[in-house]
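One structure is given here, and the rest of the page talks about it.
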Amino acid sequence: MTYLPRRATGPRARTLFKSLAGLVLLLGTAACSTGPEEARSSVVLGQAIREVISDYRAPDPTPVTVNRALLDQLGNPHLEVYIENRDLTGYVGLLRVRHDDLPGEITTWSTNDDIALFFRNGLLIGTRGLPGNLISADVPVQENIVGPAQGGLRRYYLRGGNSEERRITMACELQQLGRETLEIYERHFTTQHLQERCEGRDPDGRKTEIINEYWVDSRSQKIWKSRQWAGPETGYLRIRNLAS
Amino acid sequence: MIRRSFFTFRTTLGSAAVLVCGASATLAWGPDITRTPHDPAPGSAEAAPRFKPLPPPALNFYGSPGLLDTPSAEMLPDATYAVSYSWFGGQSRYNITFQALPWLSTSFRYNGIRNLNLFGFSTYYDRGFDVRARLWKEGKYLPEVTMGLQDFAGTGVYAAEYFVATKRFQTPALSRRSGPGLLKLSAGLGWGRLGSSGAIGNIGGQRPNFVGGGTGGQLSYDQWFRGDFAPFGGIEWQPNDRWSLKAEYSSDAYTTETQVSDVFERKSSLNFGAEYQYSNRTRLGAYYLYGSEVGFTAQFQLNPRQPMTPMLVPAAAPILPRSEWAVGENDWNQDWPQSSRQTTVFRDQAAAALKKDGLILEAIHFTGTEVELRYRNPRYQSEMQAVGRVARAMAATLPASVETFRITPVRNGVGLSTVTLRRSDLEAQEFNPQASEAILAVSAISDARPLAEDAVFSNELYPAFSRSISPYTKPSYFDPSRPFRLDIGVDLAASYAPAPGWFIAGALRQRLAGNVKRSRESNSVLPHVRTDVAAYAQYGTTLENLYVMRHWKPGRNLYARASAGLFETMYGGISGEVLWKPVNSKLALGVEANYVVQRDYDQRLGFRDYKTFTGHGSLYYQLGHDYHLQLDAGRYLAGDYGGTLSLDRIFSNGWVVGAFFTLTNVSAADFGEGSFDKGFRFRIPLAWMLGKPNRRGYGLTIRPTQRDGGQRVSVPGRLYGSIRTAHRNSLQEQRARFWE
């Protein structure tokens, strides 16, 4: 390589670069485009900056107080979902119920802001609109048995940061932990507490474990409460059924 | 009937999406880092499987894993892109290291030595490349061993070669919470700089001393592992996840800096330091070196596979199986395509459904049982995600009699490939335990065939007019008088698409500020095809480009482009290209021919006298593991003949890191500084940073020296890049995106 002589980078140059950076930022937020062609990077970045600013300025939404009276008016079944690692609670409404060629009833639940959760007989088989979505899952279900029917192999298929599919395989054991009575917004339910302990290994050899828990009422064929793992990004979800 | 909850995450607790995205952004940049907890509680998030890697190993002052001024044998996690800055005793080093393979890394460095006062300059600037290869991995007893060549080409101010071994040990926990610590012991033998102090032997006699100057650019293999060699080594102790303490014995005498010149005083061979892992990507260090100097480093390690903000895509509408709604015989009627009123309604419904997902319907062709939909994807980096969204939009809007979906992504008016799906498969596989694999298994990916004559086009696209106003930046590097210069300003761009495949575009550029115009004048003995940067930068209001371009598909597996006009700042002319790329092939072949005239310095409509024919035959091959090879052979702008070899690692999410070099019949002396054209490039996708679907990115091509040999004209709309992403390999790799 060759050498190059030097001229001092004085305070004037630094000020120049600072003001240049400021100018770029300003221009970025003012950039715009119309028409069907793909917008340029600076236009996209400008939009993103504007969105952050408007989100920051937006007033906090008024919190909704949930009680049984409100729930009774809804008509449409709802789940309360608490995302543990974000400390965030939300509510999803039942969107669809269907069957396919495999055992179990598939339910799709969704919010208005485009987050959706899929269950097969109450076992989580997919998330959408969350980071690192659970694309699909192999769950141990049987027709007419709500919740997990047995232990055995469980497979989670997730979308990774490079748009690739990543598979997690776990070996599970199912345990009955006995009867428990739950209270969900002034209603009481008698349930069986089931625990699914699953073990596996990370690619680097680290031993991993997840524990899914279900509070199942076999008479009404409902899981009133559960704590289920949704993948490395989303972590555990605590779910309560708000049906009356 | 689809009913959504009136409750939302948004109304109850603010925007869940934004919160989730915001929270993870803080996780990434804020103080939380990934750790392996000691004995995590059963059922806790810590005990669950994890995709995020642990923070990568610490870097040394040269940007490679190591201690302070000496290397260790560690490798960074595969694909890591590490940018670091180090400073001590008036010496600064900017390093970029890329872990190209799990066992191989490369670095580029730009450095400045203040007050060297040699070779006619007070501060000495230089550039250098390193390469490191792991010879074997750490075992139960064996240490990891790595061989390194530092600053291995050209003048080699930092030239050194070494073998180094590192062994890691667990140390007792300082507290219950922190878990066990980690101790890394490294020891090595160095030549060159690393053999200059405390030598214990010699191989091959005297090694030539470092002398600044010369054209550089040649491998200095005649020096490698020659001359005195000396031992070096040190320890790094990480008592917890955040802190590490380092101590080393350096075998670098800093002969030029301390004996020939007086940059700093070397009083000791021992160096010490402490580092703090601020976040998963950022690490900061402070040091005391050679018994006299303080120093610091800032290290930023990006992993292309770990987005800065996790990608959030709004959930798609679920698929309604026809068995649920098409119950009457009438629903299955196949006569509807005969009514143009009906088909227009279906086209408009499909277009509206696509628009919700940010996609644009180009054209649609109906028969009673089969529909081909052509769409444009300006939003998703992953073409497979767009295909999935189109399939859902078709399932939601088309009559029950349509069983076969033919989905054709279109770019520049040309069909890139066709994914053929049975609607019953789509309905059946949505909740399959292996949904991605299952849908791929029943999809046929084929060459896009010509669009049927009775296809219905979108009524919004042709003709279509687009315009944008946006800032631009134009950097210039490594000038002798100032290493970095920048122009910034505004581009006013407009384009017009009169018919599919035709495109007319232009951009006016107004510079607002900058200093590129003060760049040095060209001293090239070749025609000044690229080095008249300063002359072009004298003008602030310019016509950046103005051209007409046509893309078409002349036959099976063939793609073509013809362009005419002002292509770029420096050239205008005519250009034609043909590419052969079968949908399922890893190989593509292309030819391009251009007749170009150099534009006037004022970059308006005039030209200079220099005209030339330049053209290439190109071979593209997908090597696997994200690696893409490109070989070009032909005539370059200065009339020189030769070839270019490029190797790029292109990730599915749009990250690119690559390097290239060009050898032509121009001699090293005629070429000037650097001897031949070479450089590296990278591109960081905006979606990776922002966590929202988007196809754009920021990228740079950096040449250590910009000369006139081995240069090509930059023509808009080149074929290969956009076509490959819609072909089998790419769709298959991103299958998980189909259902997302």
Side-chain angles (χ1 to χ4, degrees), chain A residues 1-7 20 24 27-28 31 33-38 40-44 48 55 60-61 64 76 78 85-86 88 90-93 96 100 106 108 110-114 116 128-129 131-133 135-136 138 159 161-163 165 168 202 208-211 229 232-233 235, chain B residues 3-5 7-12 14 16 18 20 23 43 45 47-51 119 121 123-128 154-155 212 216 305-307 310 314-315 318 360 378 382 431 433 435-436 464-466 468 470-471 480-481 488 495 651-653 673 686 690 694 696 734 736-737 739-740:
Chain A
M1 299 289 113
T2 39
Y3 57 87
L4 305 164
R6 167 193 159 79
R7 187 190 293 167
L20 282 186
V24 170
L27 289 170
S33 72
T34 56
E37 293 304 317
E38 248 172 76
R40 290 183 171 202
S41 310
S42 47
V43 175
V44 176
D55 278 341
D60 284 349
V64 176
N76 185 25
H78 276 70
N85 67 11
R86 318 278 179 212
L88 202 75
Y91 300 87
V92 288
R96 287 182 41 70
D100 59 9
I106 301 157
T108 301
S110 144
T111 65
N112 274 352
D113 50 357
D114 298 317
R128 297 292 184 271
N133 279 326
I135 299 296
S136 59
D138 207 346
R159 191 259 303 149
N162 190 27
S163 289
E165 181 163 81
I168 294 175
D202 268 354
T208 57
E209 184 185 43
I210 56 173
I211 299 179
W229 190 67
E233 286 280 356
Chain B
R3 285 170 67 186
R4 295 208 163 192
S5 165
F7 278 129
T8 65
F9 276 82
R10 193 181 291 274
T11 53
T12 48
V18 167
V20 167
R50 177 182 71 201
F51 287 162
F119 322 116
F121 307 105
T123 292
Y124 176 85
Y125 287 112
D126 207 343
R127 285 144 286 179
T155 49
R305 295 201 184 104
Q306 302 292 325
I360 301 169
S382 164
F431 299 103
S436 319
F465 187 67
S466 298
S468 76
S470 59
S481 55
I488 70 156
S495 66
F651 295 83
S652 294
N653 61 16
E673 202 179 312
L686 274 175
L690 302 173
N694 179 288
R696 291 291 188 180
Q734 305 185 23
R737 284 274 185 207
W739 294 109
E740 201 176 357

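Chain identifiers are assigned alphabetically (A, B, ...) following the order of the sequence lines, protein sequences preceding nucleic acid strands; residue numbering begins at 1 within each chain.
In this view, A/Arg40 and B/Asp491 satisfy the side chain to side chain donor-acceptor pair (under 3.5 Å) rule, not counting sequence neighbours. In this view, A/Glu165 and B/Ser436 satisfy the side chain to side chain donor-acceptor pair (under 3.5 Å) rule, not counting sequence neighbours.
Under a 3.5 Å cut-off, the side chain of A/Arg128 and the backbone N or O of B/Trp739 do form a donor-acceptor pair. A/Asn162 places no side-chain N or O within donor-acceptor distance of the main-chain N or O of B/Phe651, the cut-off being under 3.5 Å. For A/Asp202 (side chain) and B/Pro49 (main-chain N/O), no donor-acceptor pair under 3.5 Å exists by modelled atom type. No donor-acceptor pair closer than 3.5 Å links the side chain of A/Ser163 to the backbone N or O of B/Ser652.
Using a 4.5 Å cut-off between heavy atoms, A/Ala116 contacts chain B through both its backbone and its side chain. At a 4.5 Å heavy-atom cutoff, the contact between A/Thr108 and chain B is made by side-chain atoms alone.
By number of non-hydrogen pairs under 4.5 angstrom with chain A, the leading residue of B/Ser468, B/Gly43, B/Pro378 is B/Gly43. Of all the listed residues (B/Arg305, B/Arg737, B/Gln734), the one sharing the greatest number of non-hydrogen pairs under 4.5 Å with chain A is B/Arg737.
Expressed to the nearest 0.5 Å, how far CD of A/Glu37 lies from CD1 of B/Ile360 amounts to 8.0 Å. Rounded to the nearest 0.5 Å, atoms CD1 (A/Ile106) and CZ (B/Phe431) are 5.5 Å apart.
Scanning all heavy atoms of the two residues, the minimum distance from A/Asp114 to B/Pro314 falls at CB-CB, 3.4 Å. Between B/Pro433 and A/Ser136, the closest heavy-atom pair is O-OG, 2.6 Å. Heavy-atom minimum distance, B/Ala736 versus A/Ile135: O-CD1, 3.4 Å. Between A/Pro36 and B/Phe465, the closest heavy-atom pair is CD-O, 3.8 Å. Across A/Ala48 and B/Leu690, no two heavy atoms sit closer than the pair CB-CD1, 3.7 Å.
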